[in-house]
Amino acid sequence: MTPSDQHADPAEAPPSIVLGIETSCDETAAAIVRREAAGTGSIVSSVVRAQIEAHAPYGGVVPEIAARAHVEIIDTVVSRALSEADLAFAELDGIAATAGPGLLGGVLVGLVSAKALAVAARRPFIAINHLEGHALTVGLTDAVRPPYLLLLVSGGHTQTLIVEAVGRYRLIGTTLDDALGEAFDKTAKLLGLGFPGGPAVAAAARNGRMGRISLPRPMLGRPEPHFSFAGLKTAVRQQAQALAPLSDDDIANLCVAFEDAAADVVADRVSNAMEGYVEALPGAPRSLVVAGGVAANVRLREQLATLAEENSFHLTVPPVELCTDNAAMIAWAGAERLALGETSPLDSPARARWPLDPTAEQVRGAGVKASGAALPRSLPA
Ligand code: KG4
Ligand code: ZN
């Protein structure tokens, strides 16, 4: 990022209209947001095209299929976002795109499109970290501004972070192995529930009976702030093998037990992070924000609401459609960066890995978004 015009306080920056593009996983998305001088925001248009059918036969996101699908539809999605907003390129103050972390083939499609549009329309370009998009969404949806404690739970990341300011993130805890969304997806695949797994497991769990199956709660009560879900996933597999052939009731009972164990672990780890947050920023507002696709999970939301109440934290969870991948969050992060006077050079690279807190110690297994399914031997033409 290069500061072009420093503002003392981003809240006092002039109003702006920013186009955002998101192609880092299996959603092709474009959106336009408006940021007011006071620092609040609104969505002018938001278009998301998911690629669920294209990946469903493989039980996970296939990187090359995702990249090809982004190429085919990106122009239509961007035009739709502009026409729904009734705006022309000349009326934009900036064009932002996800530059990582994610599946590189897909990231390149959105990044190159945004750069080309920025050059053609002579508008500033802003390269955005996908995780920053998730992290700052509450500014757009609920006018919540830093500092706050963030739980980021997506298909590729499970982290607790202190959001000190736009662009200043301090990592507290991260997963030592699988991300929570990944554990949901793998559990769904194992039980034959299809893709994407999170919503499928949650739906099956609604018919399950608690207490029929007991599962471990990895890391519960541990002093270090990290997460681990690989053992939980393995325990589901072992229980499923012991019960096979699985009835619908068995599947439902396994799903409710999995969801319950996962929610218990996350609540415990967030409780640990709350201590870290209060210690790091004494006197800061006790504010907990949840972001990423797994924030759509109702059981997890309920457990976090209880935890927040017990610890006098105010909980904010964006609406479901803004928890899962979308471009409004990328446009908003772009608007926040612009308000700080920051833009990006046109040679900004695509990055498969891009931690929000580059100073944090690297932890095994953490930091790569959407590892994807195994690449099939031959791809459809
Ligand atoms: O943030 P996101 O849309 O994409 C990434 O950046 O990874 O998150 C997608 C993840 C997937 O693993 C999906 O299974 C999970 O979010 N997910 C859920 C639910 N809805 C989506 N997990 C649990 N319960 C849900 N209701
Ligand atoms: Zn995401």
Side-chain angles (χ1 to χ4, degrees), residues 20-29 31 46 48-52 55-56 59-61 63 66 98-103 106-107 110 128-137 150-159 175 178-191 193-206 208 229 232-233 255-256 258-263 265-266 289-304 317-330 332-333 352-354 356 366-373:
I21 296 178
E22 157 61 36
T23 55
S24 68
C25 193
D26 59 340
E27 273 91 13
T28 315
S46 179
V48 181
R49 287 282 170 277
Q51 306 171 355
I52 292 174
H55 302 288
V61 178
T98 299
L103 302 173
V107 170
I128 295 297
N129 182 322
H130 177 88
L131 305 175
E132 179 169 68
H134 280 302
L136 300 179
T137 298
L150 174 73
L151 169 67
L152 177 61
V153 271
S154 71
H157 292 86
T158 299
Q159 303 182 341
T175 183
D178 291 350
L180 182 54
E182 191 181 358
F184 266 96
D185 292 337
K186 287 179 177 169
T187 297
K189 196 170 178 180
L190 174 83
L191 299 176
L193 292 177
F195 168 82
V201 169
R206 281 199 280 279
F229 296 104
L232 178 56
K233 180 193 65 191
C255 285
V256 80
F258 171 82
E259 217 183 31
D260 195 48
V265 167
V266 173
V289 166
V290 188
V294 191
N297 189 273
V298 175
R299 180 176 292 267
L300 182 67
R301 283 175 181 239
E302 285 171 359
Q303 200 117 330
L304 291 170
V317 190
V320 171
E321 67 277 15
L322 294 168
C323 285
T324 49
D325 286 350
N326 65 86
M329 68 180 191
I330 303 304
W332 177 248
R353 291 178 75 91
W354 189 358
L356 271 183
V368 185
K369 178 175 179 278
S371 52

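Side chains included, hydrogens not; waters and symmetry mates left out as well; all remaining heavy atoms used. Both counts, for ligands and for their atoms, begin at 1 and track the order of listing.
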For [X], is at least one N or O under 3.5 Å away from an N or O on ligand 1?
X: Thr324; result: no
X: Ala202; result: no
X: Gly293; result: yes

Mind checking whether Glu27 contacts ligand 1 via backbone (N, CA, C, O), side chain (CB onward), both or neither, at a 4.0 Å heavy-atom cut-off?
neither
Is [X] near ligand 1, meaning one of its heavy atoms is under 4.0 Å from it?
X: Glu259; value: no
X: His134; value: yes
X: Cys25; value: no

Atom indices of ligand 1 within 4.0 angstrom of [X] heavy atoms, with elements:
X: Gly156; answer: 7 (O)
X: Gly181; answer: 12 (O)
X: Gly155; answer: 5 (C), 7 (O), 8 (O), 9 (C), 10 (C), 12 (O)

Heavy-atom proximity to atom 26 (N) of ligand 1 ranks first, among Val61, Asn297, Leu152, for Asn297
Ala327 meets the side chain to side chain contact (heavy atoms under 4.5 Å, CB included) criterion, sequence neighbours left out, with Glu22, Ala29, Ala31
Name all residues meeting the side chain to side chain contact (heavy atoms under 4.5 Å, CB included) criterion together with Ala296; count only those two or more places apart in sequence or in a different chain, and write none if there are none.
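Per chain and number, Ala296 pairs via side chain to side chain contact (heavy atoms under 4.5 Å, CB included) with Val320.
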The Zn ion (ligand 2) to nearest N/O/S of His130 below 2.8 Å
yes
At less than 2.8 Å, would any N/O/S atom of His134, backbone or side chain, sit next to the Zn ion (ligand 2)?
yes
Could you walk me through whether Gln51 and Cys25 satisfy the side-chain contact (heavy atoms from CB on, under 4.5 Å) test, starting with their C-alpha distance in whole Å, then the side-chain angles of each, then the deciding distance to 0.1 Å, before giving a yes or no?
CA-CA 9 Å; Gln51 306 171 355; Cys25 193; over 6 Å; no
Rounded to the nearest 0.5 Å, what separates atom [atom1] in [X] from atom [atom2] in [Y]?
X: His130; Y: Ile330; atom1: NE2; atom2: CD1; result: 6.0 Å
X: Glu259; Y: Thr187; atom1: CD; atom2: OG1; result: 11.0 Å
X: Asp26; Y: Arg49; atom1: CG; atom2: CZ; result: 14.0 Å

Under 3.5 Å, is there a donor-acceptor pair between the side chain of Trp332 and the main chain of Leu136?
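Here the side-chain-to-backbone pair exists.
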Is a side-chain N or O of Thr158 found less than 3.5 angstrom from the main chain of Ser154, in a donor-acceptor match?
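No; judged by distance alone, with no hydrogens or angles, the pair does not exist.
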Side-chain donor-acceptor pair under 3.5 Å between Glu27 and Asn326, yes or no?
no
With the Zn ion (ligand 2) as the reference point, give the N/O/S atom of Asp325 that is nearest.
OD1
